[in-house]
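Accompanying notes for the structure given below.
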Amino acid sequence: MEKARRGGDGVPRGPVLHIVVVGFHHKKGCQGYLCLPYMALQQHHLLSDVTVRGFVAGATNILFRQQKHLSDAIVEVEEALIQIHDPELRKLLNPTTADLRFADYLVRHVTENRDDVFLDGTGWEGGDEWIRAQFAVYIHALLAATLQLDNEKILSDYGTTFVTAWKNTHNYRVWNSNKHPALAEINPNHPFQGQYSVSDMKLRFSHSVQNSERGKKIGNVMVTTSRNVVQTGKAVGQSVGGAFSSAKTAMSSWLSTFTTSTSQSLTEPPDEKP
């Protein structure tokens with residue numbers, strides 16, 4: 001990600017959006033950007049270097065997560081969680097309906113048909129290379145859309161505010177300074193454009209619940225309430241079952257006593273009168 005702009009006093013001046021464009025590597029455009037798949041604590045000073053425009057770094061030390069002023073976002077791999085610190089940047093990255101369809105398409109193909117542990121990940125669909133290919137198609141279409149005239153309608157599927165913010169970055173200026181004739185042959189439309197449907201409403205609602213603070217609280221309350229209802233149901237069931245069992249035992253005991261008394265009274269001869 002591209003680091004926040006800083007003034008002469010080192011104070012952040014707002015977030016900067018940066019797109020890592022796969023397949024468009026050139027020396028001039030990569031200057032000032034770092035890719036550190038596994039970053040050691042001794043390299044921490046590199047992130048605050050004034051010559052570093054942006055970085056993508058992988059780390060396990062909690063100190064990197066605590067230094068929020070150095071990054072725009074933190075990805076928790078094990079928890080499948082993305083934390084975006086700046087609210088304005090979070091708005092820019094809010095996915096469109098077409099983006100939600102794209103994400104749902106990826107998730108469904110990755111998660112389904114995973115019963116065989118020996119064949120898991122060996123197929124094309126849902127595999128690593130397949131996922132990279134889907135993102136390559138998406139990014140190429142996005143880049144082609146930015147070169148179109150009167151492209152407001154096309155860009156709306158990608159997020160107009162997002163594309164506008166990207167065009168204000170150094171990354172875009174370097175990329176746009178070169179000619180890309182091959183992009184003229186690529187369909188600029190979003191891979192998942194289409195009419196709004198009921199399924200889109202479900203995707204939007206699910207995304208809102210999972211990503212908003214209020215939605216997370218509602219989700220936690222629903223989980224807690226559901227757990228309490230289940231536990232209460234078990235307790236009530238046990239209480240009712242215990243009471244029913246006790247009543248059944250008492251009734252059986254009374255019937256047994258009554259039956260015994262009746263049988264004895266029938267077998268004993270009546271007392272003779274003097």
Side-chain angles (χ1 to χ4, degrees), residues 1-2 4-5 14-26 29 33 53-54 56 72-73 75 82 84-110 125-126 130-212 214-215:
M1 69 206 75
E2 192 163 323
R5 289 194 183 94
V16 179
L17 201 62
H18 171 61
I19 294 180
V20 179
V21 183
V22 181
F24 288 87
H25 301 293
H26 43 77
Y33 296 94
R53 290 180 176 273
V56 176
D72 292 329
V75 180
I82 300 178
I84 302 176
H85 311 313
D86 190 275
E88 294 300 322
L89 181 59
R90 195 179 302 122
K91 291 180 181 179
L92 292 176
L93 298 177
N94 189 39
T96 64
T97 299
D99 288 336
L100 291 177
R101 294 172 188 159
F102 175 58
D104 181 66
Y105 173 77
L106 294 178
V107 172
R108 283 190 289 104
H109 278 72
V110 170
E125 285 197 6
W130 180 85
I131 296 175
R132 293 189 183 97
Q134 305 312 307
F135 276 102
V137 170
Y138 179 96
I139 292 176
H140 280 81
L142 168 60
L143 294 175
T146 61
L147 300 178
Q148 299 292 317
L149 300 176
D150 299 327
N151 56 2
E152 288 80 6
K153 179 62 175 66
I154 298 177
L155 292 180
S156 63
D157 285 329
Y158 298 99
T160 305
T161 55
F162 166 76
V163 176
T164 302
W166 177 50
K167 286 185 176 181
N168 291 326
T169 65
H170 173 77
N171 174 261
Y172 175 81
R173 289 191 294 271
V174 172
W175 176 79
N176 195 45
S177 64
N178 295 272
K179 300 296 182 180
H180 307 284
L183 289 179
E185 302 177 5
I186 295 178
N187 183 0
N189 293 310
H190 195 291
F192 287 83
Q193 66 167 350
Q195 297 295 325
Y196 201 75
S197 64
V198 176
S199 59
D200 294 326
M201 296 176 61
K202 294 179 180 178
L203 287 175
R204 177 62 64 183
F205 178 76
S206 176
H207 173 75
S208 301
V209 170
Q210 293 176 1
N211 291 276
S212 66
R214 181 177 298 179

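The structure displayed is predicted, hence computed values, not measured ones. Every heavy atom of this structure was used, including side-chain atoms; hydrogens, water molecules and symmetry mates were not.
Proximity of a side-chain donor or acceptor of Arg53 to a complementary backbone N or O of Tyr33 within less than 3.5 Å is not detected.
Rounded to the nearest 0.5 angstrom, Asp157 CG and Leu142 CG are separated by 11.0 Å. With rounding to the nearest 0.5 angstrom, the CG atom of Asn187 is 8.0 Å from the CD1 atom of Ile154. Note that CG of Asn189 is 8.5 Å distant from CD of Gln148, once rounded to the nearest 0.5 Å. Considering CD of Glu185 and NE2 of His140, their distance stands at 11.5 Å, rounded to 0.5 Å. Rounded to the nearest 0.5 angstrom, Trp175 CH2 and Lys167 NZ are separated by 9.0 Å. Note: Ile186 CD1 to Leu147 CG = 10.0 Å, rounded to the nearest 0.5 Å.
Between Glu125 and His109, the closest heavy-atom pair is OE1-CD2, 3.1 Å. Heavy-atom minimum distance, Ala165 versus Thr169: O-CG2, 3.5 Å. Residues Pro191 and Tyr158 approach most closely at CD-OH, 4.2 Å, considering heavy atoms.
With respect to Asp86 and Arg90, no salt bridge is recorded, no charged nitrogen being found less than 4.0 Å from a carboxylate O.
Residues satisfying the side-chain hydrogen bond (donor to acceptor under 3.5 Å, both in side chains) criterion with Asp99, sequence neighbours excluded, are Thr96, Tyr138, His190. Residues forming a side-chain hydrogen bond (donor to acceptor under 3.5 Å, both in side chains) with Asn151 (at least two apart in sequence, or on another chain): none. With sequence neighbours left out, Thr97 forms a side-chain hydrogen bond (donor to acceptor under 3.5 Å, both in side chains) with no residue at all.
In this structure, Thr146 and Leu183 have side chains that are not in contact, with every pair of non-hydrogen atoms separated by 4.5 Å or more.
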Kindly determine whether Phe162 and Asn94 satisfy side chain to side chain contact (heavy atoms under 4.5 Å, CB included), including the steps that lead there.
CA-CA 8 Å; Phe162 166 76; Asn94 189 39; over 6 Å; no
List the steps and the verdict of side chain to side chain contact (heavy atoms under 4.5 Å, CB included) for Gln134 and Leu106.
CA-CA 8 Å; Gln134 305 312 307; Leu106 294 178; 3.7 Å; yes
Would you check, one step at a time, whether the test side chain to side chain contact (heavy atoms under 4.5 Å, CB included) holds for Asp72 with Ile84?
CA-CA 6 Å; Asp72 292 329; Ile84 302 176; 5.9 Å; no
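Ring centroids of Phe102 and Phe135 are separated by less than 6.0 Å, placing the two rings close together.
Summarising the local packing, NZ of Lys91 is surrounded by 12 or fewer heavy atoms from other residues, nucleotides or ligands at distances under 6.0 Å.
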